[in-house]
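Report on one structure; see the data block that follows.
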Amino acid sequence: CRSLAARLGPVCLDAASFSRRRLSFGPQFVYTPESADKSLGETSRMNLFQAVTSALDNTLANDPSAVVFGEDVAFGGVFRCTVGLKDKYGKDRVFNTPLSEQGIVGFAIGHAVAGATTVAEIQFGDYIFPAFDQIANEASKYRYRSGNHFNCGSLTVRAPIGAVGHGALYHSQSPEGFFAHLPGIKVVIPRGPIQAKGLLLACINDPDPCFYFEPKILYRSAVEDVPVNGYVLPIGKAEVLIEGSDVTLIGYGTQVHVLREVARLAQSELGVSCELIDMRTILPFDEETVYASVCKTGRCLIAHEAPLTGGFGAELAASVQEHCFLNLEAPVRRVAGHDTPFPHIFENFYLPHQRRCLAAIKDLIGY
Amino acid sequence: MPLSSSAIRANLLLLRGGCGLFVSSRLASSAMLSTRPYKLHKLESGPASEAQVTSDEARKYYRDMATVRRMETAAGNLYKEKAIRGFCHLYSGQEACCVGMEAVLDRNDPVITAYRAHGWTYTRGVPVKAVLSELTGRASGCAKGKGGSMHMYNHNFYGGNGIVGAQVPLGAGIAFAQKYREDKRVCVTLYGDGAANQGQVFEAFNMAKLWDLPCIFVCENNKYGMGTAVERAAASTAYYTRGDYIPGLWVDAMDVITVREATRFAKDWCLSGKGPILLEMETYRYHGHSMSDPGTSYRTREEVQSMRQMRDPIASFRQTLLTAELVAEEELKEIDQSVRKEVDEAVQAAKTNAVPDPKELYTNVYSQPPSGQPNYRIRGIDQFTWSAN
């Protein structure tokens, strides 16, 4: 155990240490605020949940058919994403549902099929599974099976996901991998407030059913000056955040911020120049940007909190090796959560933290 | 075996250590206590309107309720000190439900419940120390620290479940296994007023009735599903009728004897082959839904206070016992003190016991490695973590 501690650096495993130091849990990162395009006009300081509220506010203001519902949304929601909306738009447009995820999503699909703009909230991504049948068998297939006669494109389902430091098994999961496997839907994950508002509005306006997963640890910790008016960011388009020449780092959501730190450490400790890509959309994912980057650098590291086997990183890795094979200097590496349920204990060792990613970069460079 | 009143007095003298104080009132060895009225659904008759309670039983029920109350208070304090993290749903106010039911069940009757499970964990035989250690993530916790607040287990206690309503079909399945093995046992399947609106609950009802399963469904209705009052979530708040074709009983679950007799009735019902039955335990929780909920944004402080003052299960049982002269006030005080000592020691252990071994991060995913792969590793474990083993 002592040698483990030595190799892992400052994290220490003995009981005395645990009780003495209030170890900080969860993803370790510093949020780097971004700024919006000046052309988008007046901005206001918002954190991620306020950016979500702003997007929903714009939607309810401009689209008379729009409704927002879910468990506890009327008072503002357990993560404050819907604060003030019921008072502003009325209880027939912003309302609570009973505790029935399958019912909520099924009901939302029907409402969308009838033509209304529907934004349903699932309180935690971990609770979305009773609704999975509705999503897999109804939402994703409606347009296809009806020969374009009907569709539920005006549906958007929002849910918080990801590690938060103390969520344990049922408040920390990242289910995007399950949804990446459903042709017919779109899956979007923002990395910050400006991205969140633009991507959520894009999802709401998108003609296909969209699943929008919000990294819950960023709700309060990510703060930026966000444009107050509505604006959209492209779905299906990844973004290169840092340009580099030696290794391509790919992530989404919270992991983007962990990878920012990894890029910095790679430069300072290893002299390695990393290019950082935020996928933003999981399905359909931006193949062009990813392949162009890996063909340039020759090395690829994908990181996500979700477990390794069958995670979204597996799809990216398979696609990258297929399209960039001759340019690769090393096999594509994935650093992910372990193949266990999200743990109640030792969360720090489970997550794809900086040190694990840096070790993978060393392997890539030294291959 | 009930003691004679002179024996009780003698024992009290011994307890006092001869300091000269003793209770002069005559204590009874048992008493007939009345139960609070029930409401029936598709039942010709209900539980008894009064029941014999011995002084030993009275002391046990009081002690168990007091222990759960103090344990939950300690858990709340540990949470505020950040010794417990994550989710912690306290049972304070609902003690009469688990203690009253457990008085009729035995350890061979399985129980499954939702996340507000600490009280049930204790009555199912897990010591306070193991409950609190599980909350603080120690190796001495009842799930080795791997489950936390919502996932505590013991023999014939199937948890502790985080996903709302998911435990109800599980309970029906356990009941089926009992029937299949001709075990002559009942399975108690608990869920809350919020979960009562989950589709899978009705699927479980249908299967249980179709196959006459010995399942006691129990809706612990504490009037609020997180922050939503029952009237705003349910088209019908008469939860005891929502089993429709399953007979139901509404129970005032702020009184432990009322709960006990209802459970006796339900157990007899199931064991006589009449199929499932549904009990609605109308109760109240003093704390918020969880430690992140103050519990006052959706109900008034006056409401909480008035429940504490007028309908507290422990205080009212205490009053009943004193009035019926079943137990002396000094004895109750001593029970309180001994409970306090037990919980304080458990708190100390929970704060200082060893954390689990790092390998617990990746053990118990499967029962054992796949037979064809002797070098099987849980994927993703990088060389650093693995070589620690």
Side-chain angles (χ1 to χ4, degrees), chain A residues 1-5 7-8 13-19 22 25 71-72 74-76 78 96-103 106 123-124 126-127 129-130 164-172 307-309 311 334-341 343-347 349-350 352 355-356 359-360, chain B residues 82-83 85-87 115 134 136-139 143-151 162-166 192 194-200 225-228 232-235 292-293 297-298 351-358 360-365 377-385 387-388:
Chain A
C1 187
R2 209 160 290 165
S3 62
L4 167 65
R7 271 178 290 190
L8 282 173
L13 278 179
D14 61 279
S17 179
F18 257 134
S19 39
R22 295 274 182 256
F25 298 101
E71 292 160 20
D72 302 302
F75 88 94
V78 291
N96 288 340
T97 58
L99 215 170
S100 326
E101 286 74 21
Q102 183 171 28
Q123 197 160 82
F124 279 86
D126 312 64
Y127 306 161
F129 300 108
V164 73
H166 51 264
L169 289 81
Y170 296 108
H171 295 81
S172 315
L308 180 71
T309 299
R334 294 167 293 156
V335 178
H338 304 317
D339 278 358
T340 70
H344 175 243
I345 47 173
F346 300 134
E347 181 171 327
F349 301 112
Y350 177 88
R355 288 286 146 194
R356 285 178 64 197
Chain B
K82 292 194 190 252
R85 312 239 31 236
F87 299 89
Y115 48 77
E134 184 61 35
T136 54
R138 305 288 161 166
K144 305 192 231 177
K146 294 168 84 148
S149 167
M150 298 192 278
H151 311 291
I163 300 297
V164 174
N197 301 316
Q198 275 276 320
Q200 52 195 321
M226 220 159 73
T228 304
R232 295 195 299 121
S292 12
D293 170 25
S297 54
Y298 47 86
K351 282 194 198 175
T352 55
N353 277 0
V355 293
D357 192 287
E360 296 297 353
L361 181 54
Y362 50 85
T363 49
N364 306 131
V365 178
R377 296 284 183 264
I378 295 289
R379 299 190 76 209
I381 301 291
D382 56 275
Q383 70 219 45
F384 292 167
T385 321
S387 58

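To find a chain, count down the sequence lines: A is the first, B the second, and so on, and within it residues start at 1. The model shown is predicted, which means the values in this text are computed figures rather than measured ones.
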Notebook entry, point to check: Relative to chain A, which segment of B:A195 carries a heavy atom at a distance below 4.5 Å: side chain, backbone, both, or neither?
Noted result: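 Only the backbone of B:A195 comes within 4.5 Å of chain A.
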Next item on the list: Can you label the angle between the B:F87 ring and the A:H171 ring as parallel, tilted or perpendicular, going by 30° and 60°?
Entry: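 Plane angle under 30°, so parallel.
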Next item on the list: Assert yes or no for the condition that the ring centre distance of A:H338 to B:Y362 is strictly below 6.0 Å.
Entry: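 Ring-ring flag for A:H338/B:Y362: false, centres at least 6.0 Å apart.
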Checklist line | With B:T228, the side-chain hydrogen bond (donor to acceptor under 3.5 Å, both in side chains) member among A:T97, A:N96, A:D72 | finding: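 Result for side-chain hydrogen bond (donor to acceptor under 3.5 Å, both in side chains) with B:T228: A:D72.
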For [X], which atoms come within 4.5 Å of any heavy atom of chain B: side chain, backbone, both, or neither?
{"X": "A:E101", "value": "both"}
{"X": "A:I345", "value": "both"}
{"X": "A:V164", "value": "neither"}
{"X": "A:Y350", "value": "both"}

Note to self: Please report the interatomic distance CD(B:E134) to NE2(A:H344), rounded to the nearest 0.5 Å.
What the structure shows: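 If I round to the nearest 0.5 Å, the distance is 6.5 Å.
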Check: Can you tell me how far CZ of A:F346 sits from CG of B:L361, rounded to the nearest 0.5 angstrom?
Finding: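 So the CG of B:L361 and the CZ of A:F346 are separated by 7.5 Å.
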Contact leader toward chain A among [options], where contacts are heavy-atom pairs under 4.5 Å:
{"options": "B:G147, B:G227, B:G137", "answer": "B:G147"}
{"options": "B:T136, B:I163, B:D293", "answer": "B:I163"}
{"options": "B:H151, B:E360, B:Q200", "answer": "B:H151"}

Item checked: B:M226 vs A:Q123 side-chain heavy atoms within contact, under 4.5 Å ->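 Yes. Closest side-chain heavy atoms under 4.5 Å.
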